[in-house]
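A quick note: this is a predicted structure, and the numbers were derived from the prediction, not measured. Note that these values count all heavy atoms, side chains included, but never hydrogens, waters or copies made by symmetry.
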Amino acid sequence: MSPDSPSDVDPCSTGPLVQRPGALKEFVEAMPAPVAMLDDDWRIVTHSRAWLEVFRHEGDETHAPISLDRIESTGQAVPEREALPAPTDQRAFFEVFADPEDEWRAAFLRSLEEKGSLRGHERRLFQPDGPTYWVDWEVRPWQTKNGAEQGVLLSVVDRTEERQAKGLRRQVDHRFDKLVGTISEGVLLMDDEGVFRDGNEAAQNILGRPLDEIIGSRFDADIWNGLREDGTPLPNVEFPFWRALIEREAVQNEVMGLYPPDAPPRWIRVNAQPLFRAGQEAPYAVLVSFDDVTDERLKEEALQTSRDLLSSVLSSSLDGIIVFRAIRDANDAIADFECVLVNPQAEKLFESTAEDVVGLRLRESMSRQEEKGLFDAYRTVVNTGEPAEMEIHYDTDGEDAWYQVMAVKVDNGVAVTYRDITDRKKAERQIREQAQLLDKARDAILAHDLDGRIVYWNKSAERLTGWSRNEVVGAQAHDCLYAPNEEDKLRQCHQTMMEKGEWTGELHMRTKDDEERIVESRWSLVRDSTGEPKHVLVINTDITERKRLESQFLRSQRMESLGRLVGGIAHDLGNLLVPITLGVKVLKRRVGDTDDKVDQTLSMIQKSAERGSDMVEQVLAFARGVEGERVALQPELIVEEVEEMTNETFPEDIEVRTRTDTDLRPVVGDATQIQQVLMNLCVNARDAMPDGGTLTVEARNVDFSEREARRNIEAEPGDYVCIEVRDTGTGMPDDVADKIFEPFYTTKEEGEGTGLGLSTAYSIIQSHDGFMDVESEEGKGTTFWIYLPAADEDATVEASSTTNGAPEHERSSFDGDGTRVLVVDDEEFVLESAQQALEAVGYQVQTALDAAAALRVVETQAIDLVITDLRMPEMSGLDLIRRLRDRHPDLPIVAASGVADGRTEEALDAGAQTFLAKPFTAEKLEGALQEVLLASKGTPA
């Protein structure tokens, strides 16, 4: 649609009413805008000065037409005399301007008829055979008040230059697009805001991005991540095209990298040219052209990498490398070789620096190489192009030196590699000697071909497996050495060895007697002289015992950690049981025999508390060991007592067998505790044989050497007595056997066991400086070994009675008779229960929650006896005992704590008269006080 179409005409307000036309003429002539006043005959009545600035150059007195240097569509300026003649007064508008389509006339008539203003944009206004103008226009009607005279006011805004500039720009752009589209360089146009406004197809091909993604993006968008030539990040503000815009100068041939987030980087060589408009200092755009130098960059990088690699190889090579340049005579024959390059290893081999060697000639300065025929060999390599290899022997100061020399042709010369093979030569000379020593090696060494047939078998392999050389040579190694479940691992081992030349790992082997052994196996691929694989050399180190020690060590660590954990828990449980055991006694005294049901309930509570106390003591025994009397004992007597007890109590379908050495050594220990361990193992064996079986208990002397002691992490070299308990029961899997010594772990049904028997047994044997071991197989039974250190020869052996004498008679109740007792404990419920229990039997009780409070009570009040816990925050019970003993040497003191503290002797050494183990009953508490008060013989505190 043309700018002259009616739809581009905007109606405006009506024109002015005038008193007289002369006044309107004066007003028009004074207006600053280009305005002409026309009457109803379309004569130009007058015009403003600005009207002349558009259509003629004012100042010419002759009013001759003046060329306005308009550029027509032909691209040439209008001749001066063909320019628009001066629009003088009273000249008809259509004499000056052509109106072939009657567009202007129609606008004038419509304005008069409708008495309203009309407005339009970029309408053509031209003189016949003269210049053409494009103007924005407005027509406004005018008339006198009586309507005698009328006409229109025509105001214009000259848009000719803009219109022509747009047309010219479209032509230039069209030609530019055609030109840019034909070149192979990428071209982009970036405006002064850093936004890319245009580009060619080559740009998208080089950048690997569609133009739709490039056009409209800013130079600092994610797709424009930059790299410097050295590979470091290039900030966006340092991009060549942005610098050209900011610095207002062209940037030439600058290389940069661009890497989008999802594509490899591209390297481009950039030229950026800022574009300026006439009269403006700041560029309105930057023309960016670039070509793809990625391949060049990659080639340069590859070349540099090759150079660096070559330099690295030469520098790090263990072989000496020398490059010789051929020196030719007048007949182009090789007369000598000159050294041009020496690597560091060659410097070491020849004990010379590169500066000393480079430039030397072989025949002139390297006589020893000449003597060995190397000159002739090098010359042959250069002439034929075939590489040469030889071994050279030097006898230097009585020492043999061997070099393997390899020469290859290079440009007009030869590159020579010198490899010191002196050690290899010595090794080859010693191979036969060393081969004779293989049979004496501790490791089992064998070799088999690629089909698995054994071709070599040393003596250690015989000792490890039980198979003789004659039995296995020629046999398949996989069939006679490894278990079927190792097939997958062996297949992987063979694959790795074929790929990498070696394999190292652990394998499970089977001996001739079907015994499993764990070996650390090292497989190496042996090649023949042509480099083809021929044999597999296998070196097996028996690590069965080491793996067993590792398992023992892990179990020992786990047991130690569990001991610390359950020890702390059991100690706290012991504290919780104290108020129960003491409270039952208090309640019984208060209730008496008045209510049988209450008495029955209290008895049940007391039994439960006592059972809980027993369990706590078992856990604490596991955690910190078991204390007891240590005397020299005869183990065979303990075994006899165990045999008697099992025969009396075990079912008849379980046969009990015992056997002891006649000269069995005595051991140092507690007979009751050792019997407890054996009975626990026997009971477990009975439970593992529900359908009957055989239980065997054997005792024998064993001597542990340094080597044998290393097989068990808890063993020390010396003399031991081993007591073996073996059953033919259901057995245990490995994962169960590894956990049976842990507290509360049991395989029995719920309610049939606490899981503390074996953990307590383990702790008892440890407290006797011994150790235990176990071996079990499902369906074949379980064997426990108990190792106890043998007693010294001069030790006095006591009769091994496990009854611990007559049962201790219950002490008669003791009346406190007003004795003043201070109870110190950091648990309030322990203090309250102890206070109630003691006050119930006549004691006067004071309590303190910590050692500091206890000291204040003793200093301010009369106290006859102190009971203190050993484990308290800030000041411990041991420190309290020492301070009380220093200040009050005759004050009786009872130390109380869980046995897990293991500080009984330390408390007694600090000054306590006796030790009371938690949890304790009211009877034990009263008995301890009675014992201490009687021992003090009434000495006042």
Side-chain angles (χ1 to χ4, degrees), residues 1-18 21 23-56 68 70 72-73 83-145 147-164 166-167:
M1 184 179 293
S2 68
D4 301 327
S5 62
S7 62
D8 288 336
V9 178
D10 299 327
C12 300
S13 61
T14 59
L17 294 175
V18 297
L24 182 59
K25 287 176 58 178
E26 294 176 358
F27 175 75
V28 169
E29 291 171 355
M31 289 186 68
V35 180
M37 180 179 177
L38 280 65
D39 61 15
D40 54 359
D41 292 327
W42 318 127
R43 291 190 298 270
I44 301 175
V45 179
T46 188
H47 51 75
S48 65
R49 293 176 60 86
W51 178 270
L52 294 178
E53 292 178 1
V54 175
F55 299 109
R56 59 158 285 185
L68 301 179
R70 301 293 188 192
E72 289 296 289
S73 60
L84 180 67
T88 56
D89 295 346
Q90 303 303 315
R91 246 182 121 185
F93 180 84
F94 297 110
E95 293 178 12
V96 179
F97 300 103
D99 188 21
E101 304 294 333
D102 288 335
E103 293 174 331
W104 288 105
R105 189 183 302 274
F108 296 161
L109 287 172
R110 181 180 170 188
S111 177
L112 286 176
E113 292 173 356
E114 296 179 358
K115 297 182 180 181
S117 298
L118 299 177
R119 180 182 300 168
H121 304 282
E122 290 194 17
R123 174 175 287 182
R124 184 173 60 169
L125 185 60
F126 66 97
Q127 179 186 9
D129 300 326
T132 298
Y133 301 91
W134 294 91
V135 296
D136 294 344
W137 56 272
E138 181 179 358
V139 177
R140 187 183 298 270
W142 65 267
Q143 65 179 3
T144 58
K145 290 184 177 181
E149 296 182 54
Q150 63 178 4
V152 296
L153 297 177
L154 175 62
S155 60
V156 298
V157 177
D158 187 11
R159 300 297 187 189
T160 306
E161 289 187 2
E162 296 180 11
R163 175 80 176 213
Q164 291 177 344
K166 289 179 181 178

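Note that CZ of Phe55 and CG of Asp158 are 7.0 Å apart. Values are rounded to the nearest 0.5 Å. Atom CG in Asp39 sits 13.0 Å away from atom CZ in Phe93 (nearest 0.5 Å). Here CZ of Arg43 is found 10.0 Å from CG of Leu38. Values are rounded to the nearest 0.5 Å. In this structure, CG in Leu109 is found 11.0 Å from CD in Glu114, a value given to the nearest 0.5 Å.
Nearest heavy atoms, Val54 versus Pro34: CG2-CG, 3.8 Å. Across Ala107 and Leu118, no two heavy atoms sit closer than the pair O-CD1, 3.7 Å. Closest approach of Pro32 and Ala50 over heavy atoms only: O-CB, 3.1 Å.
Side-chain contact between Trp104 and Leu125: present, with at least one pair of heavy atoms (C-beta onward) separated by less than 4.5 Å. Using a 4.5 Å heavy-atom cutoff, the side chains of Met37 and Lys25 are in contact. Annotation: side chain of His47 is not in contact with side chain of Val35 (no heavy-atom distance under 4.5 Å).
In this structure, Trp42 and Phe94 have perpendicular ring planes: the angle between them is above 60°, well past the 30° mark. Between Phe97 and Trp51, the angle of the ring planes goes over 60°, which puts this pair in the perpendicular group of the 30/60° scheme.
The side-chain contact (heavy atoms from CB on, under 4.5 Å) test applied to Asp136 returns His121, Glu122, Val157, Arg159, not counting sequence neighbours. Annotation: salt bridge (Lys or Arg N to Asp or Glu O under 4.0 Å) contacts of Asp40 (sequence neighbours excluded): none.
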Hey, mind stepping through Thr132 and Thr160 against side chain to side chain contact (heavy atoms under 4.5 Å, CB included) and telling me if it holds? CA-CA 8 Å; Thr132 298; Thr160 306; over 6 Å; no
Report the C-alpha distance between Glu138 and Ser117 in whole Å, list the side-chain angles of each, state the deciding distance to 0.1 Å, and finish with yes or no for side chain to side chain contact (heavy atoms under 4.5 Å, CB included). CA-CA 7 Å; Glu138 181 179 358; Ser117 298; 4.2 Å; yes
Working note: Ser48 + Glu29, criterion side-chain hydrogen bond (donor to acceptor under 3.5 Å, both in side chains); need CA distance, chi angles, decisive distance, verdict. CA-CA 4 Å; Ser48 65; Glu29 291 171 355; over 6 Å; no
With side chain to side chain contact (heavy atoms under 4.5 Å, CB included) as the criterion, how do Val139 and Leu153 come out once you've worked through the C-alpha distance, each side chain's angles and the decisive distance to 0.1 Å? CA-CA 6 Å; Val139 177; Leu153 297 177; over 6 Å; no
Apply side chain to side chain contact (heavy atoms under 4.5 Å, CB included) to Trp142 and Leu24, showing your working. CA-CA 9 Å; Trp142 65 267; Leu24 182 59; 3.5 Å; yes
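No cation-pi contact links Arg119 to Trp137, judged by a cut-off of 6.0 Å to the six-membered ring centre and 45° from its axis. No cation-pi contact links Arg124 to Tyr133, judged by a cut-off of 6.0 Å to the six-membered ring centre and 45° from its axis.
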